[in-house]
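Note that these values count all heavy atoms, side chains included, but never hydrogens, waters or copies made by symmetry. Not measured: the values here are computed from a predicted model. Chain identifiers are assigned alphabetically (A, B, ...) following the order of the sequence lines, protein sequences preceding nucleic acid strands; residue numbering begins at 1 within each chain.
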There are 2 protein chains.
Amino acid sequence: MSDQAIPLDAETKAFELPEDHRDELRLWLRLLTCSTLIEGEVRRRLRERFDVTLPRFDLMAQLDKAPDGMTLSDLSKRMMVSNGNLTGLVERLVSSGHLERRVSELDRRAQIIRLTTTGRAEFRTMAAEHEAWIADLFGGLTEKEQRDLMRLLAKTKFSARRAMSGEAA
Amino acid sequence: MSDQAIPLDAETKAFELPEDHRDELRLWLRLLTCSTLIEGEVRRRLRERFDVTLPRFDLMAQLDKAPDGMTLSDLSKRMMVSNGNLTGLVERLVSSGHLERRVSELDRRAQIIRLTTTGRAEFRTMAAEHEAWIADLFGGLTEKEQRDLMRLLAKTKFSARRAMSGEAA
DNA sequence: AAGATTTATTTTAAGCTTAAAACAATTGGA
DNA sequence: TCCAATTGTTTTAAGCTTAAAATAAATCTT
């Protein structure tokens, strides 16, 4: 009779055996590689073609969807970046004439940020080209593959959010 | 007879009609959201649990796989970051005793960077926990879904690389 | 209404990141 | 050999990013 018997039933976690999670790690690294690769290329092209940074483009993209403007807090939630980050970003885009800020009438702490006419026009030019780049970068996937990937990423997002909100699997 | 007749055959691109690429854009934004979400959480936990930044963790991860060390150039290729970026990162980790550098005997321009004994031990502690976090974050996907996602991301990476190397679809 | 809490934003300090220029050592020819 | 091109690294300038502290206005409680 063996002294170091290990339960055959994997569900029996009495010994808290270190499980092998290398597959999930590989999956994460691949997801990160894809994201980094594409983001880097988009960043490079935005700089090259329009002399604009990706964070500025992203900020303008959010505002383009909100004709009446948004507050900094709304923006920071949408963009998943810190409030302090936006302060500087908005400041630079106001200086360059792409954005305008006005104090909210309902809440004197808050500012409403909006695209200027120029800012909106410039953004739309960039956005059209940007959209074509993305289509090109994902062009090697069939429509079905794109749909499948879309679905799996939705599930991944949901899975991560649940794990982040502190639950049991 | 209509003046603004549009060719019924979508393949006939004589007019270069602006195509609709919103689906690819949505796919890209979802990929980016997943990546940002998970990366942010990993960053937060690394700081909270080990007081370490993600770039430092990533650098140590590369070096852990190379017992004999790597040059800065090798590292920058692997990590997809600039050389100048690594200079500072390595400098800080050498200061903290996690890394050591020695001049290559074959090429006096190059330095070989390695984990110190301490650095390696600390990294492995962190890596084990990190792996469990990732498994948790991806835990909502079945094994099949993980395999499918893996395959689709491989294809995405391939697609992006091809688009970046300047080819026709 | 006063005081406590929350919410919106800015500031600060530190670190990450890049592109471009500079520098240094190596390699490949003529 | 000498010189040009390449390769490995650092420096510089600018901008991005965050967490934490500070400030200010609104809201809630009693």
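B/Leu141 is not listed as a side-chain neighbour of B/Asp148, based on a closest heavy-atom distance of 4.5 Å or more.
If you measure from atom CG of A/Asn83 to atom P of C/dT6, you get 17 Å, rounded to the nearest angstrom. In this structure, B/Asp74 places its CG atom 8 Å from P of D/dG8, rounding to the nearest Å. Following rounding to the nearest Å, A/Asn85 (CG) and D/dA20 (C1') show an atom-to-atom distance of 15 Å. What separates CG of B/Leu72 from P of D/dT11 is a distance of 12 Å, to the nearest Å. What separates CZ of A/Arg43 from P of D/dC16 is a distance of 10 Å, to the nearest Å. In this entry the distance linking CZ of B/Arg44 with C1' of D/dA20 reads 15 Å, nearest Å. Computed from coordinates, the A/Met80 CE to D/dC16 P distance equals 18 Å when rounded to whole Å. Atom CD of A/Glu39 is separated from atom P of C/dT18 by 10 Å (rounded to the nearest Å).
Residues B/Ala160 and A/Leu37 share a closest heavy-atom pair of CB-CD2, 4.0 Å. Between A/Trp133 and A/Val42, the shortest heavy-atom contact is CZ3-O, 4.3 Å.
Checked against the 6.0 Å centroid threshold, B/Phe57 and B/Phe123 count as a close aromatic pair.
A side chain to side chain donor-acceptor pair (under 3.5 Å) check over residues 31-41 of chain B, counting only residues at least two apart or in different chains, returns the pairs A/Ser35-B/Ser35, B/Glu39-B/Arg43, B/Glu41-B/Arg44, B/Glu41-B/Arg45. Listed by first then second residue, pairs satisfying salt bridge (Lys or Arg N to Asp or Glu O under 4.0 Å) with a partner in residues 78-103 of chain B read B/Glu91-B/Arg101, B/Glu100-B/Arg114, not counting sequence neighbours.
Side chain of B/Ser159 to main chain of A/Leu137: a donor-acceptor pair is present (N/O by atom type, distance under 3.5 Å, no hydrogens or angles). Looking only at distances, a side-chain donor or acceptor of B/Glu131 sits under 3.5 Å from a matching main-chain atom of A/His21. B/Thr116 contributes a side-chain N or O that, together with a main-chain N or O of B/Gly97, makes up a donor-acceptor pair within less than 3.5 Å.
Residue contacts for B/Ser73: at a heavy-atom cut-off of 4.0 Å it reaches the sugar-phosphate backbone alone, with no base atom in range. A/Thr71 comes within 4.0 angstrom of the backbone, heavy atoms only, and of no base. Using a 4.0 Å heavy-atom cutoff across all strands shown, A/Met79 reaches no nucleic acid atom at all.
A donor atom on one side chain and an acceptor atom on the other are not found under 3.5 Å apart for B/Asp107 and B/Ser104.
Contacts with DNA chain C (heavy atom under 4.0 Å) in residues 88-100 of chain B: B/Leu89, B/Arg92, listed by number. At a non-hydrogen distance threshold of 4.0 Å, B/Arg47 from residues 46-69 of chain B come into contact with DNA chain D.
Among residues two or more places apart in sequence or in another chain, the salt bridge (Lys or Arg N to Asp or Glu O under 4.0 Å) test is passed with A/Glu105 by none. For the salt bridge (Lys or Arg N to Asp or Glu O under 4.0 Å) test, no residue two or more places apart in sequence or in another chain qualifies with A/Arg108. Not counting sequence neighbours, B/Arg47 has no partner by the side-chain hydrogen bond (donor to acceptor under 3.5 Å, both in side chains) test.
Salt-bridge formation is detected for the pair B/Glu129/B/Arg49: a Lys NZ or Arg NE/NH1/NH2 atom is positioned less than 4.0 Å from an Asp or Glu carboxylate oxygen.
Distance from the side chain of A/Gln111 is smallest to C/dT10 among C/dT10, D/dT10, C/dT18.
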Dump every N/O contact between nucleotides 12-14 of chain D and the protein below 3.5 Å, one line per pair.
none

Any protein N or O atoms within reach of nucleotides 22-28 of chain D? Criterion: under 3.5 Å, listing atom names and distances.
unit_1: D/dA25; atom_1: N3; unit_2: A/Arg109; atom_2: NH1; d: 3.3
unit_1: D/dA26; atom_1: OP1; unit_2: A/Arg108; atom_2: N; d: 3.1
unit_1: D/dA26; atom_1: OP2; unit_2: A/Arg108; atom_2: NH2; d: 3.1

Expected list for residues 149-157 of chain A: side-chain donor-acceptor pairs under 3.5 angstrom, two or more places apart:
unit_1: A/Lys155; atom_1: NZ; unit_2: B/Glu145; atom_2: OE1; d: 3.3
unit_1: A/Lys155; atom_1: NZ; unit_2: B/Glu145; atom_2: OE2; d: 2.8
unit_1: A/Thr156; atom_1: OG1; unit_2: A/Leu152; atom_2: O; d: 2.8

What side-chain donor-acceptor pairs closer than 3.5 Å can you find for residues 60-68 of chain A, not counting sequence neighbours?
unit_1: A/Asp64; atom_1: OD1; unit_2: A/Arg120; atom_2: NH1; d: 2.9
unit_1: A/Asp64; atom_1: OD1; unit_2: A/Arg124; atom_2: NE; d: 3.1
unit_1: A/Asp64; atom_1: OD1; unit_2: A/Arg124; atom_2: NH2; d: 3.1

Given B/Leu75 and B/Val81, is the side-chain contact (heavy atoms from CB on, under 4.5 Å) satisfied, shown in steps? CA-CA 8 Å; B/Leu75 280 168; B/Val81 302; over 6 Å; no
Represent DNA chain D in dot-bracket notation, 5' to 3'. Only Watson-Crick or G-U wobble pairs with both distances under 3.5 Å count; pseudoknot-style crossings use [ ] and interstrand partners use |. ||||||||||||||||||||||||||||||
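Residue A/Arg101 has a polar side-chain atom (N or O) positioned under 4.0 Å from OP1 or OP2 of C/dT10.
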